[in-house]
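In the text below, chain A, chain B and the rest are named by the order of the sequence lines, each starting its count at 1.
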Number of protein chains: 2
Amino acid sequence: MNKAGKPTTIKEIARKLRISPSTVSRALNDHPSIGLVTTMRVKKLAEELNYEPNQTAIFFKQRKTFTIGVILPKLSEPFFASAISAIEEIAAEKKFTVLLGQSLDNPERELNIINSFRTHRVDGILMSLGKNTIDMGFVERLHKYEIPIVFFDCVPENIDVPKVYCDLSTGIHEAVKAFVERGHKQIALINGPETLNATGERTFSFKNALLDNGLTFDEKYVVYSELTEESNYKAMEKLRALDATPSAILAFNDYVTFDIIKYAKENGISLGRDIQVISFANYSLWKYMDNPPLASIEQYPAEQGAKAAEILFEMLENKDLEISIPDQILASKLVYQ
Amino acid sequence: MNKAGKPTTIKEIARKLRISPSTVSRALNDHPSIGLVTTMRVKKLAEELNYEPNQTAIFFKQRKTFTIGVILPKLSEPFFASAISAIEEIAAEKKFTVLLGQSLDNPERELNIINSFRTHRVDGILMSLGKNTIDMGFVERLHKYEIPIVFFDCVPENIDVPKVYCDLSTGIHEAVKAFVERGHKQIALINGPETLNATGERTFSFKNALLDNGLTFDEKYVVYSELTEESNYKAMEKLRALDATPSAILAFNDYVTFDIIKYAKENGISLGRDIQVISFANYSLWKYMDNPPLASIEQYPAEQGAKAAEILFEMLENKDLEISIPDQILASKLVYQ
DNA sequence: TTGTAAGCGTTATCAC
DNA sequence: GTGATAACGCTTACAA
């Protein structure tokens, strides 16, 4: 800071020391060719004047911003909150800063954020897709601009781009096995909207898991919910209307489970005795509840975010935009509370 | 993008159109002095070449980055997650991007983040202090650099700086009143560590609320916890050891409440009948629980974040770094689930 | 209405 | 070991 109230610049230091700006620059960067004395003098004055390099100038010159952008559907979702938390920690280690954008599942917002990130010249992007994203054209555009992007959790299909996601089949298998071991024969799945990938994935693995455990798969035991309370209740009613009412339910996520718990309470169903539930984890407060699900399928948001960040930083360090990185698939796991 | 694979620049457009870069710049920025025809030609070519202004150059030149930094203790805390979520939405409206840093309650990390933000030349900072921050010297430093900062939720005392926080006294008064109306005479407070401001504030308001409701204040009914499960249990035991066991407890936060619930379960205490609890909200899932607290004192994280962001943007627009802005105090409120 | 030129702060290249 | 100069891409007086 100088008397004019403006940040000190290299030029100023140079003027005061009657040496050239380039010498100052080199001295500050410990360039070997600069004499020890000069270096010391420069550093001393820089200290005194509270010199701080103007990063915007450096960014501009070096075409690198030491910044990564992270795009998530919603930050207030615990799942994404812990992902971003992990990402920020890794970025901080690497001396990178994190630009943040939330899409709120709106494809238009997603594109706006990406554009904003691009004009901010972020060095790379981490992204978890919103539910409604169809057009993936932006991936190619980013590639043209040589901005690497790594997807995690909600990742695009059929595009050769680095991805980190959780394989639900392992957790679903464990869940069904746990149910079977407890003697359940009628196992249902309350799934999400049929349009979601996550939904198809669950149905697929659920079917396999049933067959692998010596049960038959009956479509009727898979009901689809729009994930509103009303829709979740309807799903429960559909299941209760079946000839052989299921005694075990795999729920799309914890929010569905909450509604199942509420529904059960209101309808005199005893959770744990009449019906057992296993859920996909977003919350982890079950231990405080009286009627928690039997277990949860953990999808490791922090680990996914961290892994994605690591891959991104590796790409940034090696400039290997072209080599295609194999999908990083974390196994989901059944976790008892 | 041009054939060299580099982003198109204004110079390139100028060269191709055989006009000067300044004309191109002006045309792209709809400068009134440029003829309509020229403007159109420029814009058309810019479009064709996928021209995108290099923001790093603009940031550098204009000494403004359209970026705000947000510093929070921990992103995975639902309280802060919803604050940042609200902040991001407001920033997006203003076409600002959000730089993110989490202090993890570590003062050193806080300073690192602030330095990083400063070198990134953020236009302003929003911050919620970590629990252990003592040295507030950075505020003055930021002031010198003319970087406005607005605090929210966990704000510094005795410093003239814009602050947004929630006044707990209103909620605590309502809580005590609610207890009294239900016939409770022995009301306890399980408080946080004595070193925290938040703790002193609660004691202070709790005392006043008791007196205002015609009860007496007895220090023994305020116990301090380190907020670990063990410490929370000890707090409960202290209360149970009192001559007149409290029938109502005000809990420092929802985590404490969770432990109270757990403790009660394990010790055959019926929540709701033997003991009623009111908590300070960080989670909002009580409706799904069997033994929820009677009510929660809501502190409106999203509103606090939003308000702080608004103040910051106002400061940025008016460059009014000097006028001191009166504290923005939101009333906390007792909310029944 | 348009062009010229300077400058933002830093660093890389070349020269001495 | 140090200095001069140019360059990054854009904006903006000032000139024309």
Side-chain angles (χ1 to χ4, degrees), chain A residues 1-2 4-43 45-46 49-66 118-123 145-146, chain B residues 1-2 4-43 45-46 49-66 118-123 145-146:
Chain A
M1 248 6 168
N2 53 27
K6 287 192 183 172
T8 308
T9 69
I10 280 188
K11 281 187 193 170
E12 251 178 87
I13 299 179
R15 199 158 1 94
K16 295 212 165 126
L17 255 32
R18 296 172 187 286
I19 56 180
S20 87
S22 33
T23 305
V24 175
S25 170
R26 284 185 276 235
L28 290 170
N29 291 295
D30 290 312
H31 195 283
S33 75
I34 302 295
L36 191 60
V37 197
T38 320
T39 306
M40 296 303 274
R41 286 179 63 218
V42 168
K43 288 201 171 176
L45 186 60
L49 299 176
N50 288 314
Y51 169 76
E52 305 244 7
N54 182 338
Q55 289 291 359
T56 63
I58 297 176
F59 293 163
F60 167 49
K61 181 142 220 305
Q62 311 209 323
R63 298 139 173 286
K64 193 153 175 354
T65 58
F66 301 95
R118 202 175 53 201
T119 54
H120 273 256
R121 295 290 203 269
V122 295
D123 294 329
Y145 286 97
E146 301 186 53
Chain B
M1 258 348 177
N2 53 27
K6 288 194 182 171
T8 309
T9 69
I10 279 188
K11 280 188 197 169
E12 252 178 86
I13 299 180
R15 198 158 3 94
K16 295 212 167 128
L17 255 36
R18 296 170 188 284
I19 58 182
S20 88
S22 42
T23 305
V24 176
S25 168
R26 284 187 274 241
L28 291 170
N29 290 295
D30 289 312
H31 195 286
S33 75
I34 302 295
L36 190 61
V37 197
T38 320
T39 304
M40 296 302 275
R41 284 180 62 218
V42 168
K43 289 202 171 177
L45 185 58
L49 298 176
N50 287 314
Y51 170 75
E52 305 244 8
N54 181 338
Q55 288 292 357
T56 63
I58 297 175
F59 293 163
F60 168 49
K61 178 132 226 307
Q62 311 211 323
R63 297 136 171 291
K64 197 158 177 339
T65 58
F66 301 96
R118 201 175 55 203
T119 53
H120 272 256
R121 295 288 203 272
V122 295
D123 295 328
Y145 287 97
E146 301 186 54

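What separates CD of A:Glu52 from C1' of C:dT10 is a distance of 15 Å, to the nearest Å. Between B:Leu36 atom CG and C:dT2 atom C1' there is a gap of 15 Å when expressed in whole angstrom units. At whole-Å resolution of the value, NZ in A:Lys64 and C1' in C:dT11 are 16 Å apart. At whole-Å resolution of the value, CD in B:Gln55 and P in D:dC8 are 19 Å apart. Distance CD1 (B:Ile19) to P (D:dA16): 21 Å, rounded to an integer number of Å. One interatomic measurement links the two molecules: CZ of B:Phe59 to P of C:dG7, which rounds to 24 Å at whole-angstrom precision. Whole-Å rounding puts the A:Ile13 CD1 to C:dT11 P distance at 11 Å. We find that NE2 of A:His31 is positioned 17 Å from P of C:dT10, with the value rounded to whole Å.
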Restricting to nitrogen or oxygen on both sides, can you table the protein-nucleotides 12-15 of chain D pairs closer than 3.5 Å?
residue : atom : partner : partner atom : Å
D:dA13  : N6   : B:Arg26 : NH1          : 3.2

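Between D:dG9, D:dT2, C:dT10, one nucleotide has an atom nearer to the side chain of A:Ile58 than all others, and that is C:dT10. In this structure, the nucleotide among D:dC8, D:dT2, C:dT1 sitting nearest to the side chain of A:Thr38 is D:dT2.
No donor-acceptor pair closer than 3.5 Å links the side chain of B:Thr119 to the backbone N or O of A:Gln55.
Nearest heavy-atom pair across B:Lys43 and B:Ala27 is CE-O, 3.7 Å.
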| request: Check the pair A:Phe59, B:His120 against side chain to side chain contact (heavy atoms under 4.5 Å, CB included), reporting the backbone distance first and the verdict last. | output: CA-CA 9 Å; A:Phe59 293 163; B:His120 272 256; 3.5 Å; yes
| said: side chain to side chain contact (heavy atoms under 4.5 Å, CB included), that's the test. Do B:Thr9 and B:Glu12 meet it? Break it down for me. | reply: CA-CA 5 Å; B:Thr9 69; B:Glu12 252 178 86; 3.9 Å; yes
| field | A:Val42 vs A:Ile34, side chain to side chain contact (heavy atoms under 4.5 Å, CB included): CA-CA, chis, key distance, verdict | value | CA-CA 11 Å; A:Val42 168; A:Ile34 302 295; over 6 Å; no
| said: Please determine whether side chain to side chain contact (heavy atoms under 4.5 Å, CB included) holds for the pair B:Ile10 and B:Tyr51, giving the CA-CA distance in whole Å, both sets of side-chain angles, and the decisive distance to 0.1 Å. | reply: CA-CA 8 Å; B:Ile10 279 188; B:Tyr51 170 75; 3.4 Å; yes
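Residue A:Lys11 places none of its side-chain N or O atoms closer than 4.0 Å to OP1 or OP2 of C:dG7. Close to C:dG3, at under 4.0 Å from its OP1 or OP2, lies a side-chain N or O of B:Ser20. The side chain of B:Arg63 places an N or O atom within less than 4.0 Å of a non-bridging phosphate oxygen (OP1 or OP2) of C:dG9. Listed pair B:Asn54 / D:dC8 fails the phosphate criterion, with no side-chain N or O lying under 4.0 Å from OP1 or OP2.
Every residue two or more places apart in sequence or in another chain was checked for a side-chain hydrogen bond (donor to acceptor under 3.5 Å, both in side chains) with A:Lys11, and none qualifies.
Summary of the strand contacts: B:Val24 and B:Arg121 both lie near DNA chain C, and taking for each the nucleotide with the nearest heavy atom, the more 5' one is attributed to B:Val24.
Rounding to the nearest 0.5 Å gives a distance of 7.5 Å between CG of B:Asn54 and CZ of A:Arg63. Here B:Thr56 contributes atom OG1 and A:Lys64 contributes atom NZ; the two are 13.0 Å apart, rounded to the nearest 0.5 Å. Here the OG1-CD1 distance, from A:Thr8 to A:Ile13, works out to 6.5 Å after rounding to the nearest 0.5 Å.
The aromatic ring of B:Phe60 does not stack onto the base of D:dC10, failing the criterion of a centre distance under 5.5 Å from the six-membered base ring together with planes under 30° apart.
One axis for each end of the helix from C:dT1-D:dA16 to C:dC16-D:dG1, each built from five base pairs, and the angle between them comes to 50° at 10° resolution.
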